Structure formats: C-alpha cells, structure tokens
Amino acid sequence: MEKYDHLKIEKKWQERWDKEGCYAAKDDSDKKKFYGLIEFPYPSGEGLHVGHIRSNTAMDIIARKRRAEGYDVLYPIGYDSFGLPTENFAIKTGIHPAEVTKQNTGKFREQLKSLGYSFDWSREIDTSNPEYYKWTQWIFLQLFKKGLAYKKRMTINWCPKDKIGLANEEVIDGLCERCGTVVEKREKDQWMLAITKYADRLDKDLDDVDYLEKIKIQQRNWIGRSEGSEIKFPITNYQFPNKSQESNSKKNTGNIWPKKILIGTRNEAKVKMFRDAFPKDFPFEVISLSDIPDIDDSDLVEGDDFKLNARLKSQFYYQKTGIPTVSTDQIQWIEKWPKDGGFVVHARKEANMETGRATDEEVGNWIEEIVHKYGESKATFHYAISFTDGRGTVDYVNVQREYILQKNKSPKTNEGYVFDRYMKDADTGEFRIEQPFHVAFSEFDQFIRHEFIRLFDLDNVDVFTTRPDTLFGATYLVLSPEHEKITDIKQQITNWQEVEEYIQISKNKTEQERTAEGKEKTGVELRGIKAINPANGEYIPVWIADYVLRHYGTGAIMAVPAHDKRDYEFAKKYNLGIRRVVEPKFVIKSGDTAYNPDYIHTGEGILHDSGIFDGMDSEEAKIKITEFTGGSVAVKYKLRDWVFSRQRYWGEPIPLVFCEECKRRAEIPNSPAFAKKLRRAKQYPIAKEEQINPGWVAVPEEDLPVKLPDVEKYQPTDTGESPLASVPKWVNVKCPKCHGPAKRETDTMPNWAGSSWYYLAYAMRGISNFSLDKTRDKQFSTSTCSVQAISKYKDVFGHWLPVDWYNGGMEHTTLHLLYSRFWHKFLYDEGYVPTHEPYAKRTSHGLILAHDGEKMSKSKGNVVNPDDLVTLYGADSIRLYEMFMGPFDQSIAWNSDSIIGVRRFLEKVWRISGKIDGETKSDMRVQSMLNQTIKKVSEDIEQMRFNTAISAMMIFVNFADREKNISQEIYEKFIQILAPFAPHISEEIWQMMGNNGYIHESEWPKYDEELVKDKDKKIAVQVNGKARAEIMVSETMDEKDIESAALKNEQVGKWIKGRKVKKVIVVKGRIVNIVLES
RNA sequence: GCCCGGGUGGCGGAAUUGGUAUACGCGCACGACUUAAAAUCGUGUCUCGAAAGGGAUGCGGGUUCGACUCCCGCCCCGGGCACCA
C-alpha cells in the first residue's frame, strides 16, 4: 500500500471539486434548505489567519454533514474589503486600494481553496465592488427616504492619527480602538441612522432566535433596556418653608422663608373655609386681603376666555406682599398654563348639595366637558382643586390622571381624613369609587402642599428613575450640564457665572476625563431656584454635574443618596441631605442596618419615612408612588443612534447630494402662508426626508452605484474632510430634483455597512454580479438597482432566509450583529425580506492565541502562517488539529507540536484502509463500537463539540487497529463520518474502496440505538462511597439481581466482612453503593 | 463596580449532567524493530506509600449513600460593559 501522501491527495480532490463546482447551491431545489454562514474575512495583506480556519472548518463540517443528510446547502464565502488597513496601505504606497484588494482577495481565495472548504465559489462576493456596493447604497437610500437617516451636528470622537471620526463603540477608554491614540473632540455634521427606533424590537425579538445565551445577554446589555418611571419635578422660585427648615430657622435667624399664606379674598366665609381646610400644624399663618387693607386690586382684568386669571392674581398679590397666595375665586375657571400651553383647571364642581358630592357620572362628564371644550388632550391639563361646600372639605381632582379625591361624608377620624377615590375604569371609561384613601393628620400639610405647590411652579424637570419607590428619599436634583432647561430658567439662577463656567469646563473635557475610573464627582448648585419633590412637597436643591449624562434617560436625575452609591458620594462631598426610606426585609449582615450611616441599601425592602406609603413593599411602591405623583411608566435604552459618516476614501460613497435651492424649498412649510400657496398649486411635494434633512437629495436609484472617483491622494485632510472633497469634478453635480447646481456628500459609509446585508447578497448572487473577478463575471448581466429590481430576488430570499446557522467571533456579537439585525428588520418592514430576523441561530468560536498566550500580531512576531503547515502536514491535519485543540467556544493558545497527534491519527486511518476485507463478518463488538462512534460524532457535531467527536473517532481507530482485519461495510461508515472533518483523505479512501460517487454525496450513516448499548456492562461497586470492585451485569438483571451479585463479589466481601449492611443503593447500569453501619 | 465564562496531571483537555475523576492527544520514560537514527509498535506516566491503603478537581464550609458536577462564603484568571439613574 502506498504511503499517505497528503500533497498529492489534497491537490487531486481540490482540483476536481473546483472543476465540477460540486458544492454549488441550487436556489430552487426541492430538498430542505440549509444556509450556513461564517463571517466573511477582511482581506488584509497578512493573509488568512489560523482563526479563520477554526471558524470556517467548523461550519464546513456542519455544511458537509447537512449535505449528507439530504439538504440543499448554501455555504458561501466573500470578502469584507472596505476598510482602514487597505486605505492606509494605499496612502503609504500610492497603489489604488482596489488594486490592493484584488491582490489580497486573490491570496485569500487561494488559501481558502487549499483547505478544502465546501464553499459555493460561484457566489463569491466583495463589498468594495461597485456592483455590490450599489445595493449597500440603495439600502441606505431606503433608510433615508423613511426618515431613518438624519444629519446631526455633534461632537464626534476624532482620532488625530487615523484622521477619522470614530463611533462611540470604537473608542475604548478614550483611546482609538485601532491605534491607541488619545481621541479628541470635534464638532462635525454626521449622518446618523436611527437604530434606537428599533431598540425595543432588537431586544424583544431575541426571544425568537436561537443564539448562544451569552450572546443574547451581551446584546441585551448593549441595548440596555430598563424599565422605570418618568416623574415631573416642578421647579420654583417661590419658597415655602419645610418643616425641617423651619426648625433650622430657629438657629439661623434672618431666614427668609415666608410664614404666612394669603387667601386672595375679602370674603370672611371663604377665608374660614380655607382656615378649616388647613390642619392646625400647617406651618403657615393663613391671612386674607382684609388683613392687608392697602392692597388695591381694582386694576386686575378678566381675560376673554377666563372669568378670572387666578394665576395673575396670585402673582399680583405675591408681588405686592411677598406672601404666597391662594385664590378662592369663582366656581369654574380655566387658566392658561404659561409654560407649556396646557391648562390649569380651577374648578369647583357645583355638586349635588344634598349629598355634598358629585356623582360618578357627573365627575366623568365634567372632565370630558373640560377636555372637549378646550380641544386639548388630557395630557395638557394640570389638576384642579375644588372646595365643594361650605364645610371646609378639600377635594382634589387630577385631570391628567383622571381621578378625583373627595372627602368622605363620614366625620374625620382620630387619625385623619378619609377620602373617596374615584378612578376611571380603563375599559368602560366610567368613574367609580375605589378603596377609601386615608390621609393622616400628620401628613396633611404634606398633602396640601403636594396639591398646592404647582400653583407656584416655574417649570418642570422630567426625571427618569428605576427607583420611584425611593422618591421620598430624593434630597436633590441633578441635571446634566448640557441640559437645555438650564438656559430656559437662566433668569432665575442667581449664580449664573459659576454655572456657566462649569458647563464650559465639562464641555471641554474628553470622554476619558469625564468617565475616568475613580474620578471624583464635581458639580455646581443652581442657586435661586428649588425643585419640589412631588411626593412630599419638600424643597430640594437643584445641581448640575457631569456624572449625569445628557443622552441617557431625560438627562436629569433625582438623587437618592441613601440608596444609590453615586448620589451618596456626591451628597457626602457637597454636604447634601441623605434620607433612608427603604429598609431591607432581612438583615443579612450586621453592617446592613439603619444604624450604619455609611451603608447604602440599593436593594428592595420596606418603605418608611414615605408618608402614606410607609410599610409598603418597595416593588409595589414603585407603581403606587409613580401614580401618586402623576408620573408615567417609561422604558429607556442605553443604545444610541449609529454614527454613519466616515471621513475616508475607502468606503461606500453616501449617495446624496446637497442642493441649496431644494433646501430653501424644503424649508418653506415653516411659513404657513407659503405652504398653503404651494399646496394649492400642487407643486413640489415636500418629501418626508426633505423635511428631516432640508436640501439633501437622494441620487436616483437608476444612477446607482455612485462610484468612488480616482483621487491623487488617499490621505484624509486635517480639516476632517474626506479625500473625496478634493475632487471638484466628482463633487459638483446637477441636483437630480431641480437640476440646479449641487454638491455630493463626500463622507463615506463605515465598515459595518457592507457587512450588514451580505448574507442577502449571497442569495442574490445566484442571479447577480458582485465579484471583482472580471473573467468569471462576464456571464452575469449587470442589473440596475431599484425597487423593481429587488423584487426579482423575492423568491431566493424566500428560499434561503433565514440563515439557519451563523457562526462568528465574540468580537462581533454586539455591533455587527445588532447593525445587521437592524437593517434586516427595516427591510422586513419594507417588505423586501420574508423574515423579521436574519439569523435563526448564532454561535461563537473562541479566539486562537499565539504560543505565548498573547493575541497574534505582526508587531509581536508571533503569527502562525497556515500555508507552511498545510504544506507540511496537509489541510486535513490542520483542520483536524484546529477542531481537536480544545472546546470550540473557548480561547486557546496555538501549539504546533500537537499537530503531530492528529497527523498520526490520519496515518492510522490510512493504514487501516489497507487491511479492510470485504469478506469479514463483523461481530457485535465491532458493530457496537461503530454505532457508538456514529452516535457520538453525529451528536457532537450538532453541539459543536468537535474535540470530543475527534476523540471518539480516535478511540474507534485505535480499536480497529488492534483488530486483525475490519470489514469494508464497517470502515466505509467510519470514513463517512470522518469525511466532514478530513474531506480529502476520506474522498481518497472512499474511492479506493471502490465507490464511484463523491463521499460528500453519500448518505450520512445512521446508528442503531440497540447496538449502541452494551449488552453486558462492567459497573463499579462502592462500599461507603469508595470504589472497591467491579462486577459484570447484563441487561436482563434487575436491581435485586445486581444487588446480590455485588454482595457476593469476593473483593466486596473483604470490605463488608464482620459489619452490618445498612443499605444498598443500586443505580441500573451505573453503580452499586453498599452503605455499612458505622 | 456590574454582567458573562473559566479554574481538573508536565501541557491541550475528557467526565454519560449527581454515579469508578484524569478519556483522547501532546510530552516524557522504558522496551521492541534497526548497525544506528528517524518513523512505527508496545508498556508506563496525578500524588504519598515497599505494600495494604490513603490523599487529590482554586480555597473554606454544607447538602447527599455518593459531589469536578448542587448550595453558601471567599480567592484567582479570561472576556464584555462601565457615573446608563
């Protein structure tokens, strides 16, 4: 028998497979389809990395197994060829990047072919081929037309070395991901893609796909969904006293807090009503206009729609007296809310005077009436307070939240008041009484203040929190320095200079400085204003600090230092209030108690110091307190929109032009008169995208691709403009819409663009043309890009989607996966693809590290060149080695010394094939061995446990090697399961054994479950849990038989002699454990 | 800090998911073949012990007839996120 000559064998079969194109997928097969995908390589000048081989081989094994199982398999390959290294090489050498790409892809193709992958080479793609990127541009245009692309002036991360804007994701610890240079800030207009509009679906739909759990977790972390509440904090420059502040004022004389509240009437009966309404310990003295005789209010006028503007009136009195005022006038009036265009409803329902309260129906009608009358949505109404009868009861109606509190007819109890609460039924829309609502005397002032306070507020700040249950512990508010509200209320801020300085400083800070670990928090108080804690009406200071991020949530937080570490740090530093309001249910550690002031309890628990919510469970309180304060449930995401512009040459040009004339036209609708005129003339309909991006006009689809022009220099400019900007002939074009002069967008797309849809290109490739390899492409006609054109791909998308199994690196599980899922979902919404997710299953391989355990890199000189190894050991050996080296999903260091092991295995396989014998009848032992191996290998491939699959085959081969001879029937089946791992040697042996067809066309061997089981099995006998003997058991023995066999065993006898057997545990087919009495 | 993995011989790693820990491979040692070497084949290879036997799966506890596997508390390594309210 000849020696195993891998060079000869591998070359022979690679040529034959290539010539016959036998791994090409059919787009219209009747067979079940299987689409296996690997991440297409970036064709760097360094050539194929051993890591590519690991991933490609794994999917090749699966693809080959699927073919044997009768699937029509699509296993494609291509090149992700736009990118920085190629451009940098072009800058250095002056060689056109397309030329560099062509050389590199050529090298990659050759290397990939030398490894014997069953790729469908006829579908090879290349993202930098204009025939490919015209579709990338086309997809971008669809996003643009749907308003999902928008230009935004923003501070970008700028790498001064690469001279490129970086996405947030490409900045690691403030350094450029590629070159490690410190990233700078620059202002630039950037194209953005609104991926955040898909955040909820990108999160939720992970439930529908079979991704490795850790990948789902990473995606979810990146999207960062969190549920919480949005709560409005009124901001005011009125100053009510807090109880605590009042006691403080005794120490600090000269405190300016008002002590009186003015009732804006001279009617003594009304004043009495008020006085009665306030509790005795309410910290105001209630006075009326009669007490201030020199006030002349005759110049107050009534508005058109309003019987009286109570707010103005209140302010008038406040200005005159310096005393906060409550007006009692009129029964029903509506007041325009000065800040947000809504209304305050001050109303006194003329209730049924017999019962002293409104009926359910009346309440419902009343709210509807108000809303209807003023034609506004309920959301724009604030709430109303009504004093319904002369008995001094306080009722409260909240229009926004559609509920009413009305004092119960029963006399007040010793503890406080009882209110009926009317809630609107969500289904019927009717109002009905819910459980009574208690307000204790001790909280009554809080309650009143809670209700009154908005009569005096300036504005609101929205706050997002996941812990509304801790609201009573919120002792200050923090806005991010970029928050617009700060300039809105600039007039009221008394230390504006200090505030402005702080805003400047944080603006100039780099991301790194702002987020550096262990960095001490800084901030400045906004003096002159206070926020009102909507839960207890308390005044709390408002700060700005750059530990609060503008882009997350509402850009403002309520600080609860007792229950949040960051707030605690800040509060300690600036001496702000700390109030515990949640106690853990169980004291786990002694340090967890309220007695330790430095313990910050961030978990759940039981509320206290929280007014009417005392004793409530924090989970329940989240909802209740949100309701109580008029907040709403809100969901926020960490995910940010995708910065889509790059100031580079080697990328897809963004297919838009900017036209001054069209900009002017698009902006016309801002003037209603012009818009009306235009509408009448039915001219120039203004498209949605033009409203979002005035002046930006899409290049017509039939003009795609917008090809990259030739440039003299690939060097990006220091001004931050792309090299494309220096080609006037290319930049200056006619506007496709108005035919006036216009300029092309000179930014290009990021690397992620081309790879966001490449799995579709493979499917399209059956009938289209994306390759740079011109010689092959002549047979394909070039099609125009359009909605009509893409419709012809519907059938192939329907056939191939979704990708059944996608394997790739962990480094791509966040961005690439998220971006391509986003694009796919968009295309799904537009009706171009049939599935809402692109990939049904996603797995990941571990990194291959160098010998030294470091990452392989040219600079470290520790790169392993696969070519030499393929020549020396053969592709089959390299494939096997990479699959055998360790668990597929784990990182592992390369060790060339170990390749010899799998090479020896293949030689043994080769040698045994020399002693197969058609005559030999295989006995049960051999049959059982083979069946066990088939089972193990079949199952392990599905689990990607290639290392143990190979180990099982090695065990089989070692076994077969010891046999005198082995039957062809047995060995053929073994070679079939080896074939996906080592296709060349298997094909050769298959042929040697006299088979005509290819082994990859043969049917995957089935195993017989009966033969897998051992009829007679050796099991262990333990005494007191220690293995002492082995006994043979057969399948027919029941537990009693096994027990007696074990007890009869000689070895066991030695151990149990003279001692009493307490218990015998028999696990069938596994073990016997004899427990002795101690 | 938070979220994922992981920790088993000289090394890469197995362990039917709670049932004889160290399969398979590398390396090493010895032996066979050979004038010799390579290749190949065979034997051995966690540790203490002459043996009988004991001890070992990062450390410390626990549950169990029985724990690498489950629970509690730590330590270390790798990856991801990171002032995300």
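For clarity, every value in this text was computed on a predicted model and none was experimentally measured. Heavy atoms only: backbone and side chains are in, while hydrogens, waters and symmetry mates are out.
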Grab the [atom1]-[atom2] distance between [X] and [N] for me, whole Å please.
X	N	atom1	atom2	value
A/Lys1062	B/rG66	NZ	C1'	13 Å
A/Ile899	B/rC11	CD1	C1'	15 Å
A/His551	B/rA85	NE2	P	11 Å
A/Glu569	B/rG1	CD	P	13 Å
A/Asp564	B/rC2	CG	C1'	13 Å
A/Gln219	B/rC4	CD	P	16 Å
A/Arg220	B/rA82	CZ	C1'	20 Å
A/Asn1024	B/rU64	CG	P	16 Å

Under 4.0 angstrom, heavy atoms only, what part of the nucleic acid is [X] near: base, sugar-phosphate, or nothing?
X	value
A/Ser226	sugar-phosphate
A/Asn895	nothing
A/Ile1019	nothing
A/Ile892	sugar-phosphate
A/Lys638	base
A/Asp567	nothing
A/Ile217	sugar-phosphate
A/Lys521	base
A/Lys565	sugar-phosphate
A/Lys908	sugar-phosphate
A/Trp1055	sugar-phosphate

Can you tell me which nucleotide in [options] comes closest to the side chain of [X]?
X	options	answer
A/Tyr552	B/rG19, B/rG13, B/rA85	B/rA85
A/Ala1020	B/rA85, B/rC3, B/rU20	B/rU20
A/Met954	B/rU17, B/rU20, B/rC24	B/rC24
A/Ile1071	B/rG13, B/rG54, B/rG19	B/rG19
A/Thr466	B/rA15, B/rA85, B/rC83	B/rA85
A/Asn958	B/rC24, B/rU20, B/rG13	B/rC24
A/Thr948	B/rA14, B/rC26, B/rG13	B/rA14
A/Arg1070	B/rA85, B/rU16, B/rG66	B/rU16
A/Ser898	B/rA85, B/rC3, B/rC26	B/rC26
A/Phe884	B/rC24, B/rA15, B/rC65	B/rC24

Over all atoms of both residues, closest heavy-atom pair of [X] and [Y]:
X	Y	answer
A/Pro481	A/Ala545	CD-O, 3.3 Å
A/Leu471	A/Pro534	CD2-CG, 4.3 Å
A/Ile1074	A/Val1061	CG2-CG1, 3.9 Å
A/Ile966	A/Ala960	CD1-CB, 3.8 Å

Rounded distance in Å between the [atom1] positions of [N] and [M]:
N	M	atom1	answer
B/rC65	B/rC28	P	47 Å
B/rA67	B/rG62	C1'	11 Å
B/rU20	B/rC68	C1'	14 Å
B/rG27	B/rC46	C1'	15 Å
B/rU47	B/rG9	C1'	10 Å
B/rG58	B/rG78	C1'	15 Å
B/rC77	B/rC33	C1'	47 Å
B/rC4	B/rA52	C1'	48 Å

Only pairs with both distances under 3.5 Å count, Watson-Crick or wobble alike; so what is the partner of [N] in this structure?
N	result
B/rG25	B/rC11
B/rC81	B/rG1
B/rG49	none
B/rU40	B/rA32
B/rU69	none

Check: So, is A/Arg904 near the phosphate of B/rG25, with a side-chain N or O under 4.0 Å from OP1 or OP2?
Finding: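 No, outside the criterion.
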Margin query: Between the base of B/rC65 and the side chain of A/Lys1063, is there a donor and acceptor pair under 3.5 angstrom?
Written below: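 There is none.
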Check: Do A/Glu1030 and B/rU20 share a donor-acceptor pair, side chain to base, under 3.5 Å?
Finding: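 Such a pair exists between side chain and base.
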Note to self: Before we go on, tell me: are the rings of A/Phe884 and A/Phe946 under 6.0 Å apart, centre to centre?
What the structure shows: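 No; A/Phe946 has its ring centre 6.0 Å or more from that of A/Phe884.
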Note to self: Which residue in the set A/Arg842, A/Arg54, A/His845 passes side-chain hydrogen bond (donor to acceptor under 3.5 Å, both in side chains) when paired with A/Asn807?
What the structure shows: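 Between A/Asn807 and the candidates, side-chain hydrogen bond (donor to acceptor under 3.5 Å, both in side chains) is satisfied uniquely by A/His845.
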Note to self: Syn if the chi torsion is within 90° of 0, anti otherwise; quick check, which is B/rG12?
What the structure shows: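 In terms of base orientation relative to the sugar, B/rG12 is anti.
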Note to self: Using O4'-C1'-N9-C4 for purines and O4'-C1'-N1-C2 for pyrimidines, with syn meaning within 90° of 0, is B/rU17 syn or anti?
What the structure shows: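 Chi for B/rU17 falls in the syn range.
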Notebook entry, point to check: Using a distance-only test with no angle check, is there a side-chain donor-acceptor pair under 3.5 angstrom linking A/Gln218 and A/Thr814?
Noted result: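 No, because no side-chain N or O of A/Gln218 sits under 3.5 Å from a partner of the opposite role on A/Thr814.
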Checklist line | Which residue lies more 5' along RNA chain B, comparing A/Arg1028 with A/Val1067 via nearest heavy atoms | finding: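 Whichever sits nearer the 5' end wins; that is A/Val1067.
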Check: Closer to the 5' end of RNA chain B via nearest nucleotide, is it A/Glu907 or A/Asn1073?
Finding: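 In this pair, the answer is A/Glu907.
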Margin query: Does the plane of the ring in A/Trp543 sit parallel, tilted or perpendicular to the ring in A/Tyr574? Use 30° and 60° as the thresholds.
Written below: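 Answer is tilted, since the angle falls between 30° and 60°.
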Next item on the list: Could you walk me through whether A/Tyr881 and A/Asn895 pass side-chain hydrogen bond (donor to acceptor under 3.5 Å, both in side chains), step by step?
Entry: CA-CA 10 Å; A/Tyr881 167 66; A/Asn895 181 7; 5.7 Å; no
Checklist line | Residues that A/Val635 engages under side-chain contact (heavy atoms from CB on, under 4.5 Å), provided they are two or more places apart | finding: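 With sequence neighbours excluded, A/Val635 shows a side-chain contact (heavy atoms from CB on, under 4.5 Å) to A/Arg225, A/Glu227, A/Tyr637, given in chain and number order.
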